[in-house]
Amino acid sequence: MRVKKQRRHRKIVRFYTACYGLRQPYKVLCDVNFVHHLVVNRITPADKALSNILGAPVMLFTTKCAISELKKQDLRCDHERAMSADDCIMDIIGQNNPEHFFVATQHADLREKILKIPGVPAIYALRTALFLEAPSAAQRQFVKTSEEQRLHMTDLEYEMLTKGTKNMSTSHQEKDRSDEDGFGDQNLEVQALEKKHTARKGLGVKDKVQFKRKKAKGPNPLSCKKKKTLKNPDLHSVQERKDGDATLRSRKKRNRSRKGKTPVEADG
């Protein structure tokens with residue numbers, strides 16, 4: 001039961017915060033009989049008990065027309081003579097609850113009056129438990145009507161919309177006319193150019209001088225073979241030196257052999 005009660009209270013609080021703009025910390029306007037019930041049934045501290053059912057911090061208020069000894073915060077009223085607490089609360093709430101009060105009272109008649117006003121939640125106590133009244137049918141209907149009014153346009157908005165559409169249509173028509181005039185001029189220019197080109201072609205006159213391009217001469221550099229590079233040039237130079245030395249030694253040998261022979265042997 002306690003879990004269901006908390007869920008129901010959270011749902012009610014969400015309704016008033018979303019539809020009527022009630023914000024934390026919630027302000028609770030307490031009636032004298034409600035405060036008396038809290039004291040008699042030892043529901044203390046009162047602000048903690050109310051914050052438990054609303055699920056958020058609260059601020060407690062009362063009026064000068066109510067008993068001042070049971071107040072925690074004072075709310076000024078402009079009544080020169082003291083009036084009944086119920087009438088004072090109804091006067092403060094007004095027609096649309098501008099201060100966003102929760103009203104806590106034990107009077108059933110006062111709660112019934114309060115629930116007819118849009119955006120006024122009512123709290124009451126039953127023995128040692130506190131309860132939050134569900135939104136009345138009148139409050140729900142007020143929210144529904146307000147949403148429907150927001151979805152529909154007012155007469156002023158409709159008039160502004162019709163004027164805007166008329167201005168847009170006239171501007172589009174003017175733009176189309178200007179585009180058509182521009183396209184006509186362009187078509188005339190194209191036709192004149194085509195006539196000029198056909199006349200020059202019939203006479204055998206060329207529009208532009210044509211030059212002969214010079215052809216590239218010489219071999220294609222891509223077809224030429226690249227020179228072979230030696231992998232080890234040092235070894236090649238050493239081999240060349242060895243071959244040269246061997247040739248020089250063979251020549252010296254021949255010269256010595258020739259010198260050792262006699263002229264007769266040489267002639268034979």
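Here, residue 1 is the first one in the sequence, and each next residue gets the next number.
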[Y] and [X], any side-chain heavy atoms less than 4.5 Å apart:
X    : Y    : result
R111 : T105 : yes
I93  : F101 : yes
Y20  : V143 : yes
H100 : R23  : no
V103 : I123 : no
R7   : K4   : no
V13  : L22  : no
L115 : V120 : no

To the nearest 0.5 Å, what is the distance between [atom1] on [X] and [atom2] on [Y]?
X    : Y    : atom1 : atom2 : answer
H107 : I89  : NE2   : CD1   : 9.0 Å
E147 : C19  : CD    : SG    : 6.5 Å
I117 : S136 : CD1   : OG    : 10.0 Å
L151 : S146 : CG    : OG    : 11.0 Å
L110 : K113 : CG    : NZ    : 7.0 Å
Q24  : T17  : CD    : OG1   : 8.5 Å

Check whether [X] reaches the backbone of [Y] with its side chain - one donor and one acceptor, N or O, closer than 3.5 Å.
X   : Y    : answer
R10 : G55  : no
N33 : Q106 : yes
N52 : K48  : yes

Quick one: do H36 and V40 satisfy side-chain contact (heavy atoms from CB on, under 4.5 Å)? Show the steps, please. CA-CA 6 Å; H36 180 264; V40 170; 3.4 Å; yes
Q95, CD: over 12 other non-hydrogen atoms inside 6.0 angstrom: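 No, not enclosed.
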Decide if atom CD of E112 counts as having more than 12 heavy atoms of other residues, nucleotides or ligands within a radius under 6.0 Å.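 No, the 6.0 Å shell around CD holds no more than 12 heavy atoms from other groups.
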Sequence neighbours excluded, which residues qualify as salt bridge (Lys or Arg N to Asp or Glu O under 4.0 Å) partners of E99?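 Once residues adjacent in sequence are excluded, the partners of E99 under the salt bridge (Lys or Arg N to Asp or Glu O under 4.0 Å) criterion are K27.
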Distance only, no hydrogens: is a donor on one side chain within 3.5 Å (strictly under) of an acceptor on the other, for H37 and N41?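 There is such a pair between these side chains.
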With no hydrogens and no angle check, just 3.5 Å: does a side-chain donor-acceptor pair link Q139 and Y16?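 Yes, a side-chain donor-acceptor pair sits under 3.5 Å.
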Minimum heavy-atom distance [X]-[Y], with the two atoms named:
X    : Y    : result
S51  : A56  : CB-O, 3.1 Å
G119 : N97  : O-ND2, 2.9 Å
I43  : A49  : CG2-CB, 3.7 Å
D31  : A85  : OD1-CB, 3.5 Å
A122 : L132 : O-CD1, 3.5 Å
L130 : H9   : O-CE1, 3.7 Å

Transitive ILVMFWY cluster of Y124, excluding itself - 4.5 Å side-chain cut-off: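 Besides Y124, the cluster holds L126, F131.
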How far apart are the C-alpha atoms of K144 and R140, what are their side-chain angles, what is the distance that settles it, and do they pass the side-chain contact (heavy atoms from CB on, under 4.5 Å) test? CA-CA 6 Å; K144 187 177 179 180; R140 294 184 183 277; over 6 Å; no
Evaluate the criterion side-chain contact (heavy atoms from CB on, under 4.5 Å) for residue pair L60 and L29; output intermediate values, then yes/no. CA-CA 6 Å; L60 302 182; L29 183 59; over 6 Å; no
